[in-house]
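Notes to accompany the following structure.
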Amino acid sequence: MTEINRLDSGGNIDRTQKITFTFNGKSYTGYQGDTVASALLASGVNIVARSFKYRRPRGIMAAGVEEPNAVLQLGKYEATQVPNILATQQEIYEGLTCRSVTGWPSCDVDFGGLIGRFMGKMLPPGFYYKTFMKPAFLWHTYEKYIRKAAGLGRSPKESDADRYDHVHHNIDVLIVGAGPAGLIAATRLSAANVRIMLAEETTEMGGSLLSSQQDINGKDAKVWVKAALKDLQANPDVRLLTRATVNGFHDHNFVTVNERVTDHLAEKAPTGQARQILHKVRCKWIILASGAHERPLVFGNNDVPGCMTASAISTYIHRYGVIPGSRLVLMTNNDNAYHTAIDWYQCGRTVIAVVDTRPNPEGKIVQKVREMGINVFAGKAVIDVRGRNRVTGVVIADIEPSGQAVMGMLTTLDCDTVASSGGWSPVVHLSCHTGCRPKWREDIQAFVPGSHRENILFAGSVNGHYDLANCLQEAVNCADQIILNESLTVQEVLGDFKVESALEEPIMPLFSIPHTKPVMQSPKQFVDFQNDVTVSAIDLAVREGFHSIEHVKRYTVMGFGTDQGKLGNINGMAIVANALDKSIPEVGTTTFRPNYTPVAFGTIVGRYRNQLFDPERYTAMHRWHCDNGALFEDVGQWKRPWYFQAYPGEKMQDALNRECLAVRQSVGIMDASTLGKIDIQGKDAREFLGRVYTNAWAKLAVGKCRYGVMCNEDGMVFDDGVTACLAEQHFLMTTTTGGAAKVLEWLELFHQTEWPELDVYFNSVTDHWATIAINGPNARKLLSELCEGIDLDKDKFKLMDWRQGIVAGVPARVFRISFTGELSFEINVQANYGMHVWKALQVAGKKYKLTPYGTETMHVLRAEKGFIIAGQDTDGSVTPLDLGMDWCLSNKKSFSYIGKRGMARSDCLRKGRKQLVGIQTKSKEVMIPEGSQAVDNPYQPLPLEALGHITSSYFSANLNQSIAMGFIKDGFNRMGDTVYYPQPDGTIITAEICSPVFYDPNGDKQHVE
Amino acid sequence: MFYIRCPYCEEHRDEQEFHRVAEANLVRPSDPDGCSDQEWGEYLYFRKNTRGEYNELWVHSVGCRKFFNIQRNTETYEILNTSPV
């Protein structure tokens, strides 16, 4: 393709660097510095998309982030696919491959277009809601096809090959936007010894000055921009970012900036570079100089390729040396857009006419354009556009000065490009992210930022100061305000300027151009191009009773999509106001939320993916587990062995049965290092324990351990564990694996806020110790082979004792405590010795067939004994009394321990509470799924009265039957009763209520010789 | 994300180092066993949930582990003061 629309000179592109790229399978050329959009326009490409609903051909309308149509799927390979990239933002590089995200089979020939042409009238807002409501069961079928037709790009199916980074900054001033206001504010502040970040969304700093013909200090504005940038680059306290969009303004001046570091270089980021960086900036001050977007006027068939905003045309001419057509008709309601007519004219192409909707435009620039011999039609408007794949002409007519109706004769003009300008909409988005509402200014017909609490200042056209002199002055004032507020000393006064004020005549309040026909019958007048929302759709929504702008938005989908209505929203709000006969500020805006533009998931995630997504915690013996067939279970962040496969492919139930039998028949070994361990010291440690545990601690002697239950103030169990008395003022508390952090904070909370007078200190020592539990009748024999310095005799080292000694040659604390009901020792050694001791036990244990077991076997064994697991058999609504653990409550303590008053409330003492009992199925091999609800009569009328649910359910190899625990209303008084567990598949499991202790009810096994 | 000054560390840190615990200045009754169910229920469950200025107990959970009070505006998210408990 030849670049028919490329000008011979001009534009900030490198004409020595020719670049070839592919769009929709065809090859195009452009130059270094081009965007996909400018290169496509240079090659005369008209159609870049098909519209969402009516499948109409669409062209490029804008030059920046507000572009609604030119949305691309980028990427040559599966792993480099990026959806929803704007052609107006994406710079071209050699080999770039992109496609339109809409259109089937292609956007040039789209079969869906037929639907739009012939059925357009049948697709009003709410069409899907209204049509596919009935019958309800068919929705899932409809949905499949609707989803297929909807949506823009697609996400890649392979994992992203690029790296993304997060960078944190603490700075003094963040300046958003490097247009004239941003540049001059940075310049002035750069003399004040503050850390500044200047973030610019586009590739180049300078903003409107890059396509302006104005002078600053008597020289071309571009010269001023260059000089200012040179000075700023030389200042080490100033950080300049281009291709960096400030996307979110969060509480307390926290700002997120998305820098596209290498998107413009190649398909994949060069080695060692991050593709994009998310800058997380905490700043004292923000100067918002984000500028304004020009909004188009709304008129019939205003979406035909060739319809553009006026300023976009100027940008293409000045920055890229591209003129997107031959014969221009420009429609405007303001003076500013006349610059585009001048630019076009100076390129040597024809300006057919300027159509000004104002009855008597007499401004300086209007005169200038007239003097150039360009036709200026006053009091007229373009009411319709001719052409389908490209503009071929326009219909113009006189309109009433109010802009409400068309008068007089219609005239047709031949042209291939229609530029329109309905004025400028300040980019107030960021100012609204923390909840402030923008305010309407009637004089400039625009929303500007509302009042703010934060340290945020506004400069330039974002605040409605479109005139260059005012814009620069306001930015200088902002900088001075910061200098004054922070009492900064300035080395020299920078940023003085001389600019001629360009006086403009006022804008005419006009958003939507009337047609000779009423709205519902006129040609389609598009408001939101990305979502195909028309004036008639908004009108219909209002007539159907949607009066709040937020409701109209959701009903018509105006302002959704990847562009979030940047181009069309203000027009849409004005049209709603008009339909409701209200003022624009009365209707207001929808809510602006972060992010301002779409952000790639990769950027949000940064390096926190794969193994860095969430930390994994390993015990000291983890490697051994991996090497010996362990399958792991996640408990909090810990990886715990779930069960061990004796040979590859061993079935889970087989492994569990083998492990369970081994423990009860000989000896098993388990890694219990993940249990939370809290070291407690201080002369009031004992008193403190008595207050947070439900049982008594006053008499626990050194060398002894005790099981304790911890409750909330409401009397409900929240954690349990064994605490050992290491010395008179020194205790070691163990908690559940998942509850460790929570318990430590709980202890600190009560110490710091309720009982600061107690002398007690807490420290987490979970990671300091490796804990190895050996369980089974041969546990003592095994331990005796490796243990020195501890008398293991059963009457010297009793159940619930602990001893200090040497195990496998290293210092150890050995606890004789049991969670399985077997003879059991828990060996605690410094974590670094964990693997050594574990391996030594494996060697010594061979003759006892020492069997490693995991959490699942531990669960089965403890359930056989009726021991609870806090968090599995409790859920925050269960008191110790409900668990039948009254033995664990001490009412002799002088202090009212935490939970005591709570569990004495009338509701906790009433009859009919759910209580934890054993459940035995009638058919012993049947297991009840955990969570199943018990009922007395499964045939009672619905809804069934549920008595309580199963909390733990296993198959016990030792008993050769299923065992379960669960809650039953008034269960303690219902031993022997039959209950039923109806299942989702219609079967009913019959079971009997029994004691939760299924195995060794007298507890003889833990006292074997 | 809030920017919170820990009154113990005497530094501003990002919100992710902290978390909110409860309404500030809740007083545990000195004689819980002497409380009626009504009184205990008030202590357990009833909170002001003010719109506007509000005192909250926060903890510098991954910092110094200290609990402290934040006086803040729940409507504007301004933090007016932070102080030790």
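Letters A, B, ... mirror the listed sequences (proteins, then strands); counts begin at 1.
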**Request:** Just do the side-chain contact (heavy atoms from CB on, under 4.5 Å) check on B:Arg28 and A:Glu713 with the steps written out, would you?
**Result:** CA-CA 10 Å; B:Arg28 189 175 199 257; A:Glu713 284 279 36; 2.5 Å; yes
Under 4.5 Å from a heavy atom of chain B, the part of [X] involved:
| X | result |
| --- | --- |
| A:Arg453 | side chain |
| A:Phe750 | side chain |
| A:Gln752 | both |

**Message:** Let's test your reading of the structure: which of A:Asp907, A:Leu749, A:Asp714 forms the most heavy-atom pairs below 4.5 Å with chain B?
**Reply:** A:Leu749
**Message:** Taking every non-hydrogen pair under 4.5 Å, which of A:Thr434, A:Leu744, A:Asn712 racks up the most with chain B?
**Reply:**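 Going by pairs under 4.5 Å, I would pick A:Leu744.
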**Prompt:** Are A:His250 and B:Glu15 close enough that a side-chain donor and a side-chain acceptor fall under 3.5 Å?
**Reply:**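 No, no side-chain donor-acceptor contact under 3.5 Å.
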Do the charged groups of [X] and [Y] touch, with an N to O distance under 4.0 Å?
| X | Y | result |
| --- | --- | --- |
| B:Arg72 | A:Asp251 | no |
| B:Asp14 | A:Arg282 | yes |
| A:Glu748 | B:Lys66 | no |

**Prompt:** For A:Arg901 and B:Asp33, which heavy atoms make the closest approach, and how far apart are they?
**Reply:**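 Closest pair (atom of A:Arg901, atom of B:Asp33, distance): CD-CA, 4.0 Å.
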**Request:** Please report the shortest heavy-atom distance between B:Arg65 and A:Asn763, naming the atom on each side.
**Result:**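 Of all heavy-atom pairs spanning B:Arg65 and A:Asn763, the closest is NH1-OD1, 4.1 Å.
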Among the listed options [options], the residue most often paired with chain A at heavy-atom distances under 4.5 Å:
| options | answer |
| --- | --- |
| B:Gly41, B:Ala22, B:Ser36 | B:Ser36 |
| B:Val21, B:Val85, B:Leu44 | B:Leu44 |
| B:Cys35, B:Ser61, B:Pro84, B:Pro29 | B:Cys35 |

**Message:** Any non-hydrogen side-chain atom of B:Phe67 less than 4.5 Å from a side-chain atom of A:His751?
**Reply:**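 When only atoms from C-beta onward are counted, A:His751 and B:Phe67 do not touch, as no gap falls below 4.5 Å.
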**Request:** Taking the side chain as every heavy atom from C-beta outward, state whether A:Asn170 and B:Tyr3 have any atom pair closer than 4.5 Å.
**Result:** yes
**Request:** Examine whether an atom of B:Asp31 lies under 4.5 Å from a heavy atom of chain A, and if so say whether it belongs to the side chain, the backbone or both; otherwise answer neither.
**Result:** neither
**Message:** Taking side chain as everything from C-beta outward and backbone as N, CA, C, O, which of these in B:Ile4 sits under 4.5 Å from a heavy atom of chain A? Side chain, backbone, both or neither.
**Reply:** neither
**Message:** Distance check, rounded to the nearest 0.5 Å: B:Tyr77 atom OH versus A:His252 atom NE2?
**Reply:** 10.0 Å
